Amino acid sequence: MKLELFKKETCPYCRKVMNYIAEANRSDIEYHDIDESSEDRERLIKEGGMLQVPCLFIDGKPMYESDDIIEWLRNNYE
């Protein structure tokens, strides 16, 4: 399963998700900072349909909303 988190450092909801990931010691998530990479920003818009973070791509399918992402991560650990 491929997990990619699109984020930006200044977003409090992104920090919430990243704090959970750190607390859960998850290392299976690839990060993409949309402020540091215009390619990542464009990909988020193209594949996700909007410029909203945090966005977790699960095998290429976007999931938004920090609480939903955390709940999904909590219930889906490989």
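Positions are given from 1, in the same order as the sequence printed here. The model shown is predicted, which means the values in this text are computed figures rather than measured ones.
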Looking at Tyr13, I want to see if its OH is surrounded by more than 12 non-hydrogen atoms of other residues, nucleotides or ligands under 6.0 Å. no

With a 4.5 Å limit on heavy-atom distance, are the side chains of Leu73 and Leu3 in contact?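 Yes, side chains in contact.
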
Provide the closest heavy-atom pair for Leu5 versus Ile21 in the form atom of the first, atom of the second, distance.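 Shortest heavy-atom contact: CD2-CD1, 4.1 Å.
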
Contact summary for Pro54 and Cys14, nearest pair of heavy atoms: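 Looking at all heavy atoms of both residues, the closest pair is N-SG, 3.6 Å.
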
Validation: residues 37-44 side-chain donor-acceptor distances under 3.5 Å, sequence neighbours left out:
from: Ser37; atom 1: OG; to: Glu39; atom 2: N; distance (Å): 3.4
from: Ser37; atom 1: OG; to: Asp40; atom 2: N; distance (Å): 3.0
from: Asp40; atom 1: OD1; to: His32; atom 2: ND1; distance (Å): 3.2
from: Asp40; atom 1: OD2; to: His32; atom 2: ND1; distance (Å): 3.4
from: Arg41; atom 1: NH1; to: Ile34; atom 2: O; distance (Å): 2.2
from: Arg43; atom 1: NE; to: Glu47; atom 2: OE1; distance (Å): 3.3
from: Arg43; atom 1: NE; to: Glu47; atom 2: OE2; distance (Å): 3.2
from: Arg43; atom 1: NH1; to: Glu4; atom 2: OE2; distance (Å): 2.9
from: Arg43; atom 1: NH2; to: Glu4; atom 2: OE1; distance (Å): 2.8
from: Arg43; atom 1: NH2; to: Glu4; atom 2: OE2; distance (Å): 3.3

When you group the ILVMFWY residues by side-chain heavy-atom contacts below 4.5 Å and let the links chain together, are [Y] and [X] in the same group?
{"X": "Met50", "Y": "Val17", "value": "no"}
{"X": "Ile69", "Y": "Leu51", "value": "no"}
{"X": "Val53", "Y": "Met63", "value": "no"}

Interatomic spacing from [atom1] in [X] to [atom2] in [Y] - rounded to 0.5 Å:
{"X": "Ile45", "Y": "Cys55", "atom1": "CD1", "atom2": "SG", "value": "11.5 Å"}
{"X": "Leu56", "Y": "Ile29", "atom1": "CG", "atom2": "CD1", "value": "6.5 Å"}
{"X": "Ile58", "Y": "Lys2", "atom1": "CD1", "atom2": "NZ", "value": "13.5 Å"}

Among residues two or more places apart or on two chains, list those pairs meeting ring-ring contact (aromatic ring centres under 6.0 Å, His included) that have a residue in residues 33-53. none

Here the ring-ring contact (aromatic ring centres under 6.0 Å, His included) pairs for residues 38-65, sequence neighbours left out, are Phe6-Phe57

What pairs of residues pass the salt bridge (Lys or Arg N to Asp or Glu O under 4.0 Å) test when at least one of them lies in residues 63-75, not counting sequence neighbours?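 For residues 63-75: Lys16-Asp67, Glu71-Arg74.
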
Residues forming a side-chain hydrogen bond (donor to acceptor under 3.5 Å, both in side chains) with Asp33, sequence neighbours excluded: Lys7

Report the residues that fulfil side chain to side chain contact (heavy atoms under 4.5 Å, CB included) with Thr10, sequence neighbours left out, ordered by chain and then residue number.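 Side chain to side chain contact (heavy atoms under 4.5 Å, CB included) list for Thr10, sorted by chain: Lys8, Asp35.
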
